Amino acid sequence: AQKITQTQPGMFVQEKEAVTLDCTYDTSDPSYGLFWYKQPSSGEMIFLIYQGSYDQQNATEGRYSLNFQKARKSANLVISASQLGDSAMYFCAMREGGNAGGTSYGKLTFGQGTILTVHP
Amino acid sequence: DTEVTQTPKHLVMGMTNKKSLKCEQHMGHRAMYWYKQKAKKPPELMFVYSYEKLSINESVPSRFSPECPNSSLLNLHLHALQPEDSALYLCASSQDSQGSGEQYFGPGTRLTVT
């Protein structure tokens, strides 16, 4: 079973509008972290935002906010006031707490990604 | 400074060549990672180094050999690669592999095996 699911292979948004990129996750570990990364065509993975499983409030970083719904196991990324430079692939990822020294320790699992295109 | 650097940016090598990819960070991070990424796919973890010791090897073929000479440097030695090994190789670092800190990625090396 996939641990991270991104159901939108592609999304389109008009410049200056807001867009939500979906991400659901699956884990039985009470301690985990959720991440969003942006990957432009140049290839570099750019860290955008982080949400810890014990965080009470939704994370925000500038125009990025993470809509964390723990009971639903969803961690959607909201980009407000889209810009042309936001066009890129976006990956949701999870790191489970695991047990120290276990095989999953420190491992980041990525979803399949969503390609966002911002239209002028 | 949240910079991870990787060299070279592009590499073309034959199946009998030996080459190395290099990664460097000066953020004082104690965990470093190698990922392999095929086009339009998510990165796949290859190796994790924690405090300069190999802590995770995701069953990577022995033609890929990682090395962590010190806490700032991470190398990936390549030998007798196959054409299907052509991909973007990403290096990343984080404060450590135990905490919840984010991983910072380098720009990657685009490898083509001919």
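Letters A, B, ... mirror the listed sequences (proteins, then strands); counts begin at 1. No experiment lies behind these values; they were computed from the predicted model shown.
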Determine, using the 4.5 Å side-chain heavy-atom cutoff (strictly less than), whether B/Leu54 and B/Val60 are members of one ILVMFWY cluster.
-> yes
A/Ile49 side, atom CD1; B/Glu102 side, atom CD - distance, nearest 0.5 Å | 11.0 Å
Please look at A/Met89 and chain B and tell me whether the side chain, the backbone, both or neither of the residue comes under 4.5 angstrom of a heavy atom of that chain.
-> side chain
Please answer: with hydrophobic residues joined when any side-chain heavy atoms are less than 4.5 Å apart, are A/Phe12 and A/Val78 in the same cluster?
-> no
Atom OG in A/Ser42, atom NZ in B/Lys9: separation rounded to 0.5 Å?
-> 10.0 Å
With ring-ring contact (aromatic ring centres under 6.0 Å, His included) as the test, would you mind laying out the steps for B/Phe105 and A/Tyr37 before giving the verdict?
-> CA-CA 10 Å; B/Phe105 285 79; A/Tyr37 285 87; 5.2 Å; yes
If you group Ile, Leu, Val, Met, Phe, Trp and Tyr by side-chain heavy-atom gaps below 4.5 Å, do A/Leu84 and A/Tyr64 land in one group?
-> yes
Distance col, row B/Gln103:CD vs A/Arg95:CZ, nearest 0.5 angstrom, shows 5.5 Å
Does NZ belonging to A/Lys16 count more than 12 external heavy atoms closer than 6.0 Å?
-> no
Cluster question for you: counting only ILVMFWY and a side-chain heavy-atom cut-off of under 4.5 Å, with indirect links fine, are A/Ile4 and A/Met11 together?
-> yes
Mark yes when over 12 heavy atoms from residues, nucleotides or ligands other than A/Gln57 sit less than 6.0 Å from its CD; otherwise mark no.
-> no
What distance do B/Gln37 atom CD and A/Phe110 atom CZ have between them, rounded to the nearest 0.5 Å?
-> 8.0 Å
B/Phe64 reachable from B/Leu11 in the ILVMFWY side-chain graph, under 4.5 Å edges = yes
Gap between atom CD of A/Gln39 and atom CG of B/Leu90 - 0.5 Å precision = 6.5 Å
Within 6.0 Å of NZ in B/Lys19, more than 12 heavy atoms from elsewhere = no
Considering only heavy atoms from C-beta outward, does the side chain of B/Tyr35 approach that of A/Leu108 to under 4.5 Å?
-> yes
Go through the atoms of B/Glu44 and report whether side chain, backbone, both or neither lie under 4.5 Å from a heavy atom of chain A.
-> neither
Identify the heavy atoms of B/Pro42 and A/Gly111 that sit nearest to each other, and give their distance.
-> CB-O, 3.1 Å
About how many Å separate OG of B/Ser94 and CZ of A/Phe47, when rounded to the nearest 0.5 Å?
-> 11.5 Å
How far apart are the closest heavy atoms of B/Pro43 and A/Met45, and which atoms are they?
-> CG-CE, 3.9 Å
